[in-house]
Amino acid sequence: MIRGREIWREAWRDYKTGAGAVLLVAVVFLVTVGLAATSVSSFGSWVSREGIHFREAGASTYVLRADGQVDPSRCDSLSGVGTIQAAGAMRVVSDTFFAAMPSRAVSTLEATPGLWNVLAASAPGARSNNTAGMWITDTLAETLGVAPGEILDLKDGRKVALAGVFSCPDDGRNRDLGYAVVAPVPARGDFGQCLIEVWPSEPTDASLVLEGLKPGLGSSTGMEIPAPMQLNSSLGKTFTAGNAWSGVVRVGILGAALTGFTVGFAWIFARRLVLSSNLHSGVDRLSLQLIVLAEASFVVLFAVVIWAPIGWFAGLFGGAPDGWVSFFAGLRVLLSGTAGLIVGVVVGFGMVRESRLFRYFKNR
């Protein structure tokens, strides 16, 4: 049997001389399997960006309206249950009048502390200085010319700190908060709405918002249980792109494995005459197979080195927050293709026989 160092040396010689068509196979493997891997990473990046849009549009936020029947502490406690990322309750109170525009009434709501996380998830560009005070929409903040951390003068002479600014764009969402003041209060008393932000988007988990109602409502009181509604239903009830993601990854992995197998098997099939001749000249079968596998490792190394920056760019394109997830999904596809290539090489080599040398020569 040939020593390990000589096996690598022989494989390197085949690469440099072109005898093993290693570079050609590497390019074919990169173009086929690498393209599949890049497509998966790119699709993941697109799904990530679409997911941000879905959440910021308020499509993953659900609202339960039941005047005076929402238990604020139960509503707030829904955060972290299932796929519920944030939850908070709110109620309408008397309008607010600012000293800067004393004749204009501004809609005002009181909210439990958990509501800010709901607003931040469904409002692009939400800003907070993490201090006590009211929250206002960006439209109102622009009108008043204020930013988080500043003190606001009210018409009645009181002063209140501005703790946060959130947006409520006209993108199809409910506009209850379009031009409003939200004042955080303790989770006590009767509230009229419970809001939850569900991500990943699961309509079944959205029904958990009903747990925010006071205990005992329903059959015992004769009250009709309200149905939760999306804050913005213009993008559909579910995030369909997210549902397709796992299927795309599975198809990519399977397709890459089959492609890699085909490339590896075809590579060995095309070299069957040379390999059979080597066996006939006295090279033992195990050493020859190790040389072929060493050449296959060059193919894989070439593909990984070239693909890595391409996959990284595809995964993180557009500032996708889950870019690394997309990159590693593409890498899984590439590694699946690598496994297929190795299996194809092993299977192809297993079919090469020294006894068929003259048949190979005749059919070359």
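Under the 4.5 Å side-chain heavy-atom criterion for ILVMFWY residues, no single connected hydrophobic cluster contains both Val93 and Val160. With hydrophobic clusters built from ILVMFWY side chains whose heavy atoms lie under 4.5 angstrom apart, Leu331 does not share a cluster with Val251. Linking ILVMFWY side-chain heavy atoms closer than 4.5 Å, directly or via other members, places Leu293 and Val22 in a single hydrophobic cluster. Note on Leu301: it does not cluster hydrophobically with Val263, by side-chain heavy-atom contacts below 4.5 Å among ILVMFWY residues. Hydrophobic clustering of Ile, Leu, Val, Met, Phe, Trp and Tyr side chains at less than 4.5 Å, counting indirect connections, keeps Val33 apart from Leu258.
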Audit row: Trp307, Phe327, ring pair (Phe, Tyr, Trp, His ring centres under 6.0 Å) steps and yes/no
CA-CA 11 Å; Trp307 180 84; Phe327 169 76; 5.5 Å; yes

Worked check of side chain to side chain contact (heavy atoms under 4.5 Å, CB included) between Thr137 and Phe166:
CA-CA 5 Å; Thr137 60; Phe166 62 94; 3.6 Å; yes

Decide side chain to side chain contact (heavy atoms under 4.5 Å, CB included) for Val345 and Phe265; before the verdict, give the C-alpha distance in whole Å, the side-chain angles of both, and the deciding distance to 0.1 Å.
CA-CA 5 Å; Val345 166; Phe265 185 85; over 6 Å; no

Apply side chain to side chain contact (heavy atoms under 4.5 Å, CB included) to residues Gln85 and Asn117 and explain how you reach the verdict.
CA-CA 8 Å; Gln85 302 299 317; Asn117 293 327; over 6 Å; no

Take Val181 and Leu109, measure what side chain to side chain contact (heavy atoms under 4.5 Å, CB included) needs, and give me the verdict at the end.
CA-CA 6 Å; Val181 170; Leu109 304 102; over 6 Å; no

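Proximity of a side-chain donor or acceptor of Lys155 to a complementary backbone N or O of Ser103 within less than 3.5 Å is not detected. Side chain of Ser42 to backbone of Ser39: no donor-acceptor contact under 3.5 angstrom is found. Judged purely by atom type and a 3.5 angstrom limit, Ser45 has no side-chain atom pairing as donor or acceptor with the backbone of Ser41. Formation of a donor-acceptor pair under 3.5 Å by the Gln230 side chain with backbone atoms of Gly236 is found in this model. For Ser233 (side chain) and Met229 (main-chain N/O), no donor-acceptor pair under 3.5 Å exists by modelled atom type. A donor-acceptor pair is defined here as one N or O able to donate and one able to accept, closer than 3.5 Å; no such pair exists between the side chain of Ser336 and the backbone of Arg332.
Atoms CZ and OG, from Arg49 and Ser326 in turn, are 9.0 Å apart once rounded to the nearest 0.5 Å. In this structure, Ile84 CD1 and Leu195 CG are separated by 11.5 Å, a value rounded to the nearest 0.5 Å. Rounding to the nearest 0.5 Å places OG of Ser94 at 9.0 Å from CD of Glu110. Atom CD of residue Glu50 and atom CH2 of residue Trp245 lie 14.0 Å apart, to the nearest 0.5 angstrom. Separating the OG1 atom in Thr61 from the CD atom in Glu56 is a distance of 11.0 Å, to the nearest 0.5 Å. For the atom pair CG (Leu213) and SG (Cys75), the distance works out to 9.0 Å, reported to the nearest 0.5 Å.
Asp67 and Arg91 are not joined by a salt bridge, as no carboxylate oxygen comes within less than 4.0 angstrom of a charged side-chain nitrogen.
Looking at heavy atoms from C-beta onward, Val185 lies in side-chain contact with Phe191 at the 4.5 angstrom threshold. For the pair Leu162/Ile151, no side-chain contact is recorded, criterion being any heavy-atom separation below 4.5 Å from C-beta on. Between Pro226 and Leu64 there is a side-chain heavy-atom pair separated by less than 4.5 Å. When side chains are defined from C-beta on, Phe97 does not count as touching Val106, because their heavy atoms never get closer than 4.5 Å. When side chains are defined from C-beta on, Val70 does not count as touching Met90, because their heavy atoms never get closer than 4.5 Å. At a threshold of 4.5 Å between non-hydrogen side-chain atoms, the residues Arg250 and Val248 do not count as touching. You'll find the side chain of Val182 stays beyond 4.5 Å of the side chain of Ile136, heavy atoms only. Taking 4.5 Å as the limit, every side-chain heavy atom of Phe98 sits out of range of all side-chain heavy atoms of Asp153.
Ring pair Phe328/Trp324 is tilted by interplanar angle, where 30° to 60° counts as tilted.
Annotation for Leu78 and Gly212: closest pair CD1-N, 4.1 Å, computed over non-hydrogen atoms. Between Ala206 and Ile196, the shortest heavy-atom distance links the atoms O-CD1, 3.7 Å. Considering every non-hydrogen atom in both Ala111 and Trp135, the closest pair reads CB-CZ3, 4.2 Å. Minimum interatomic distance between Leu210 and Pro228 (heavy atoms only, all atoms of both residues): CD2-CD, 4.3 Å. Of all heavy-atom pairs spanning Trp46 and Ala241, the tightest one is CZ3-CB, 3.6 Å. The minimum heavy-atom distance between Phe29 and Thr32, with the atom names listed, is O-OG1, 3.3 Å.
Within a 6.0 Å radius of CH2 in Trp199, more than 12 heavy atoms belonging to other residues, nucleotides or ligands are found.
Residue pairs satisfying the salt bridge (charged side-chain N to carboxylate O under 4.0 Å, His left out) criterion with at least one member in residues 70-90, sequence neighbours excluded, are listed as follows: Arg74-Glu211.
A side-chain N or O of Thr108 and one of Thr96 form a donor-acceptor pair less than 3.5 Å apart. When only modelled atom types and interatomic distance are considered, Glu197 and Ser60 share a side-chain donor-acceptor pair under 3.5 Å.
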